[in-house]
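Structure record follows, encoded as structure tokens.
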Amino acid sequence: MKKFIASILVLLGVVAGAVMPVAPVWAEGEQNDSPNSLQMSPSGVRLTLVAGETLEGHATNCPKTDEGCAIKVTNTGTEGFRFRVYITPYVVSGENNELTFDEEKSTAYTQISRWITVQNANGEYVAEAEFALQPGESRVIPYRVAIPTDIPGGSQYAVIWAQIMNDSEFKGGIETVGRAGAVITGRSSGDSNEAAEITDIDFTRFAFSGPMHSGATVRNVGNTDFVVKYSYTARTLFGKEMYTSGDKTTAAYPGTEYHIATDWEETPFMGIFQAEFKISAAGEEKVEKHIVVIMPVFVLILLILLLTIIIVWIIIIIRKRKERKARTLV
């Protein structure tokens, strides 16, 4: 009996121990073998939007660079070309942050595309302008942002494009051989609401084998973008780290719902662990901590059989003791 119980304890001890494809980007001033190729800098800027203010030149809320509110276009190809500069909305939709630049899909968060104009060769600010560049030449093109007095709160998104006029092929993304864009992100100085809802937290607590899954739903219920950060960590019952996903991030845009997930793929054969799933977004943080068990089917069946044997053995012992007592009384 003692050996039997000892073997069970040994077995139990083992169980317990156990985010756009883009075309090549060329460095400023670098030439390549393509006849028609351009580069734009900066690739994106963030502006503070104050109702009724006009941003141009080196205004207070323009970028703190030598050019200020301007873009720089460089001909990185081997031939001269003409190009046009124009503005479109920067529309982000769906939990995979699909991008579109169609005016018809403009939202309350892309109105800034209607407030931006660019300076043409005559010094006038217009919706679209055309220029010419020889190989290796660059041109600085100022832009102006005329902010209305009734600006909505939150963030605004647009793209200033430079596109070669004799290159009709567009390969997608923010930067290609024939077209390059600078993302303009504006944030209102007032009435901004950065808020998130974290719901539907999913946590695998028992599995016959890996992976161990964790996930949640995060909804941006504010009017500006923010970054969702999440991580998964598993430790032994004694605190030794077995796995960590590290901090993963995803950009969350207003009015969009995201389903985040992380999986512990290469799990041990079996074991009992402490697991932690942490999510933070827009100042909201949720931490789920649970004991998780990985146990193969045959081990579970073996344990059930062993427990059944123990119960039957105990019942037999109890009955024998009762029978002995009964005989003693007689």
Side-chain angles (χ1 to χ4, degrees), residues 2-19 94-97 194-222 225-253 256-315:
K2 290 182 179 180
K3 290 182 178 180
F4 178 77
I5 296 175
S7 62
I8 293 173
L9 293 176
V10 170
L11 178 60
L12 291 175
V14 171
V15 174
V19 154
E95 66 174 306
N96 295 321
N97 288 339
E194 189 175 278
E197 286 183 354
I198 304 173
T199 58
D200 303 327
I201 296 178
D202 181 23
F203 207 114
T204 302
R205 303 190 195 186
F206 178 85
F208 294 119
S209 62
M212 301 298 282
H213 174 80
S214 60
T217 298
V218 180
R219 181 172 178 80
N220 187 335
V221 294
D225 59 281
F226 53 79
V227 174
V228 180
K229 184 184 293 185
Y230 56 102
S231 64
Y232 180 93
T233 304
R235 297 181 176 86
T236 66
L237 296 178
F238 303 103
K240 180 183 177 182
E241 186 176 286
M242 298 293 294
Y243 169 80
T244 180
S245 66
D247 287 334
K248 294 186 175 184
T249 60
T250 186
Y253 287 84
T256 307
E257 185 174 275
Y258 298 85
H259 297 90
I260 60 173
T262 182
D263 294 305
W264 180 12
E265 296 282 356
E266 298 180 359
T267 59
F269 179 67
M270 62 181 177
I272 301 176
F273 307 95
Q274 304 176 76
E276 177 184 275
F277 184 43
K278 183 186 294 185
I279 313 154
S280 59
E284 183 85 4
E285 182 173 279
K286 287 198 175 182
V287 180
E288 289 281 323
K289 292 183 179 181
H290 297 288
I291 296 295
V292 299
V293 179
I294 304 172
M295 185 178 297
V297 176
F298 81 89
V299 176
L300 180 62
I301 293 173
L302 180 59
L303 287 177
I304 292 174
L305 289 174
L306 290 174
L307 289 174
T308 302
I309 293 171
I310 291 172
I311 293 171
V312 171
W313 188 273
I314 292 173
I315 292 173

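Predicted model only: the values in this text are computed from it and were never measured.
- Rounding to the nearest 0.5 angstrom, the gap separating the NZ atom in Lys229 from the OG1 atom in Thr249 is 8.0 Å.
- Closest approach of Ala252 and Asn220 over heavy atoms only: O-ND2, 3.1 Å.
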Distance-only donor-acceptor pairs under 3.5 Å for side chains of residues 300-307, two or more places apart:
none

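- The minimum heavy-atom distance linking Pro211 with Thr267 is given by the pair CA-CG2, 4.5 Å.
- Annotation: the span from Ile260 atom CD1 to Ile201 atom CD1 amounts to 8.5 Å, rounded to 0.5 Å.
- Put simply, CZ on Arg219 and OG1 on Thr199 are 9.5 Å apart, with the number rounded to the nearest 0.5 Å.
- Within 6.0 Å of atom CD in Glu241, more than 12 heavy atoms from other residues, nucleotides or ligands are found, so the atom counts as buried in its surroundings.
- You'll find the side chain of Phe269 stays beyond 4.5 Å of the side chain of Ser209, heavy atoms only.
- Residue Gly246 comes nearest to Ser231 through the heavy atom pair O-CB, 3.4 Å, listed as atom of the first residue, atom of the second, then distance.
- Atoms CZ and CZ, on Phe298 and Phe208 in that order, are 12.5 Å from each other to the nearest 0.5 Å.
- When all heavy atoms of His259 and Thr217 are compared, the closest pair comes out as CD2-OG1, 3.2 Å.
- Side-chain contact check for Phe203 versus His213: every heavy-atom pair is 4.5 Å or farther apart.
- For Ala195, the side-chain contact (heavy atoms from CB on, under 4.5 Å) partners at least two apart in sequence or on another chain are Asn193, Val221.
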May I have the list of side-chain donor-acceptor pairs in residues 274-286 shorter than 3.5 Å, sequence neighbours left out?
residue : atom : partner : partner atom : Å
Gln274  : NE2  : Thr236  : O            : 2.8
Gln274  : NE2  : Leu237  : O            : 3.4
Lys286  : NZ   : Ile198  : O            : 2.9

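- The two residues Thr204 and Met212 make their nearest non-hydrogen contact at O-CE, 3.5 Å.
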N/O donor-acceptor pairs under 3.5 Å from side chains in residues 288-297, not counting sequence neighbours:
residue : atom : partner : partner atom : Å
Glu288  : OE1  : His290  : NE2          : 2.8
His290  : NE2  : Arg205  : NH2          : 3.3

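- Taking the side-chain hydrogen bond (donor to acceptor under 3.5 Å, both in side chains) definition, one finds that Tyr258 meets it with Asn97, sequence neighbours left out.
- When side chains are defined from C-beta on, Val228 counts as touching Phe226, because their heavy atoms get closer than 4.5 Å.
- Residues that satisfy the side-chain contact (heavy atoms from CB on, under 4.5 Å) test with Asn96, not counting sequence neighbours, are Glu98.
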> Should Val218 and Glu197 be marked as a side chain to side chain contact (heavy atoms under 4.5 Å, CB included) after you check the CA-CA gap, both sets of side-chain angles, and the distance that decides it?
Replying inline: CA-CA 6 Å; Val218 180; Glu197 286 183 354; over 6 Å; no
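- Taking CZ from Arg235 and OH from Tyr243, the interatomic distance works out to 13.0 Å, rounded to the nearest 0.5 Å.
- The two atoms that bring Ser245 and Thr262 nearest to each other are CB-OG1, 3.6 Å, heavy atoms only.
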Given ring-ring contact (aromatic ring centres under 6.0 Å, His included), test Tyr230 with Tyr232 step by step and report yes or no. CA-CA 7 Å; Tyr230 56 102; Tyr232 180 93; over 10 Å; no
